[in-house]
Amino acid sequence: MPDNLEKNAEKTIGKRMNFCYFYKDVLYGWNERNMSAFSTRELATAFWTGIILVAVGMAIVTNKKARKSFIEVLKCFFGRKIRMLWEIYFLYIGIITFLFSRLPIWESIYLKDIIIWTFFSGLTICINAVAGEADEKYILKVLKDNIRFTMVTELLLSTFTFSFWVELIIIPITTVIVLFDTVAEHKSDAIAVHKLLQDVIAFAGLCVILQTVRVGILEYRELNVINTLVSFFIPIVYLLLVTPLEYAFELYSKYEMLFIQMHFKEPSDKMVQRKRHLKVIKVCGLSVKRIMLFQKQCIPRMYISMPDVEFDLLISHLEDRS
């Protein structure tokens, strides 16, 4: 009789253990457990991105107007100046990665995080740096937005993910809700809808974080701490190292825009133009703030027949104000 009870107990425990592992395998897809370089969330995102790209590709192939527009966009995207930006940026990232690969902690699995950051976050930041909207506070704003407490939450969400099939369902639903919320936010007659969607997003986000913390507690012993920490710090370190390049792009863009504006209020003599440009560079230096101040205060007061003495006086006033 005791032997039968022990056997029944072992069977019951075995069934429960199997159910627990089945439950975790269905709901959670931890990267290390599946021995995959990509998380289930990244794979699901890649799947939906592929579907969208195929749909866009079919539209371009079948629609002549869309095809012509796409070719024009490609020409702009790979124009001489934009192409130089890509080349400098990717060369810079390549040098950083090469130096990183010489460190003893380097492993090839880090390439995934580097590539994802390079093509999405890093490239977006550098493109925005040359945009007209970027001001003297742009770099500081980027650093504040990317280095914050919520990075701990992002670490949890990226390390402990749901299974591929669950992620495949969550991603489009989340995307649709966020898109509806974005549209409702910019419509005055949809304030109630915007508030409702905000509550839904907050509730859903809280549920996902709680479930993620739960699976993290269950499986933290199996976590490769070194790889996880390195993957966590890769975006931060790369952001800090790329910041000087971002500032250089922004500075170059501001000077180029400034000289274009000056061109309409300068004499046609190239030598005079060059001398004045050098004087402006000497006064403004590496300060985006001074360049923007010159655009606002000095450009409106310039005129084509303006003598050098008056131009020098104008610049001296800028020096006093800055």
Answer whether the closest heavy-atom distance between the side chains of F233 and I236 falls below 4.5 Å.
yes
Do F100 and V230 make a side-chain contact, defined as non-hydrogen atoms from C-beta onward lying under 4.5 Å apart?
yes
Verdict with reasoning, L251 to V288, per side-chain contact (heavy atoms from CB on, under 4.5 Å)
CA-CA 6 Å; L251 195 67; V288 172; 3.9 Å; yes
Looking at every non-hydrogen atom in both residues, tell me the closest pair between Y138 and I125 and how far apart they are.
OH-O, 2.7 Å
Grab the two heavy atoms, one from I291 and one from C284, that are nearest each other, plus how far apart they are.
CG1-CB, 3.8 Å
Minimal heavy-atom distance between R301 and M306, with the atoms involved, is O-CE, 4.3 Å
P267 versus R276: any side-chain heavy-atom pair under 4.5 Å?
yes
Ring centres under 6.0 Å, that's the criterion: do Y89 and F119 meet it?
no
From the list M262, H263, K282, side chain to side chain contact (heavy atoms under 4.5 Å, CB included) partner of H277 resolves to M262
Could you go through the side-chain contact (heavy atoms from CB on, under 4.5 Å) check for I95 and F98 one step at a time?
CA-CA 5 Å; I95 293 169; F98 174 76; 5.7 Å; no
Short question: side chain of Y238, backbone of I93 - any donor-acceptor pair under 3.5 Å?
no
Test log, rule side-chain contact (heavy atoms from CB on, under 4.5 Å), inputs K65 and K68:
CA-CA 5 Å; K65 189 177 180 181; K68 188 177 285 188; 5.9 Å; no
For the pair T174 (side chain) and I170 (backbone), establish whether a donor and an acceptor sit closer than 3.5 Å, ignoring hydrogens and angles.
yes
Ignoring hydrogens and geometry, is there a side-chain-to-backbone donor-acceptor pair from K265 to I299 under 3.5 Å?
yes
Do T243 and V142 come close enough that some side-chain heavy atom pair is under 4.5 Å?
no
Distance alone, cut at 3.5 Å: any donor-acceptor contact between the side chains of T97 and Y110?
no
Which atom names give the shortest non-hydrogen contact between E246 and C126, and what distance separates them?
CG-SG, 3.8 Å
Can you name the residues that form a ring-ring contact (aromatic ring centres under 6.0 Å, His included) with Y252, not counting sequence neighbours?
none
Side chain to side chain, F259 and E266, heavy atoms closer than 4.5 Å:
no
I need the L239 CG to I234 CD1 distance, nearest 0.5 Å.
13.5 Å
Between I315 and F294 the two heavy atoms that sit nearest each other are CG1-CE1, 4.2 Å
F264 atom CZ: more than 12 heavy-atom contacts under 6.0 Å:
no
Backbone N or O of G285 within a donor-acceptor pair of the R290 side chain at under 3.5 Å?
no
Taking atom CG of L103 as the centre, does the number of heavy atoms from other residues, nucleotides or ligands within less than 6.0 Å exceed 12?
yes
Should F47 and I51 count as side-chain neighbours, where that means a heavy-atom distance under 4.5 Å?
yes
In one Ile/Leu/Val/Met/Phe/Trp/Tyr side-chain cluster, 4.5 Å: Y255, I260:
no
Do you know which two heavy atoms are closest between I171 and T175, and how far apart they sit?
O-OG1, 2.7 Å
Do V237 and I105 belong to the same hydrophobic cluster, where Ile, Leu, Val, Met, Phe, Trp and Tyr are linked whenever their side-chain heavy atoms lie under 4.5 Å apart, directly or via other members?
yes
Any side-chain to backbone donor/acceptor pair from S253 onto E250? Under 3.5 Å, distance only.
no
Result of checking I60, V54, L53 against V56 for side chain to side chain contact (heavy atoms under 4.5 Å, CB included):
I60
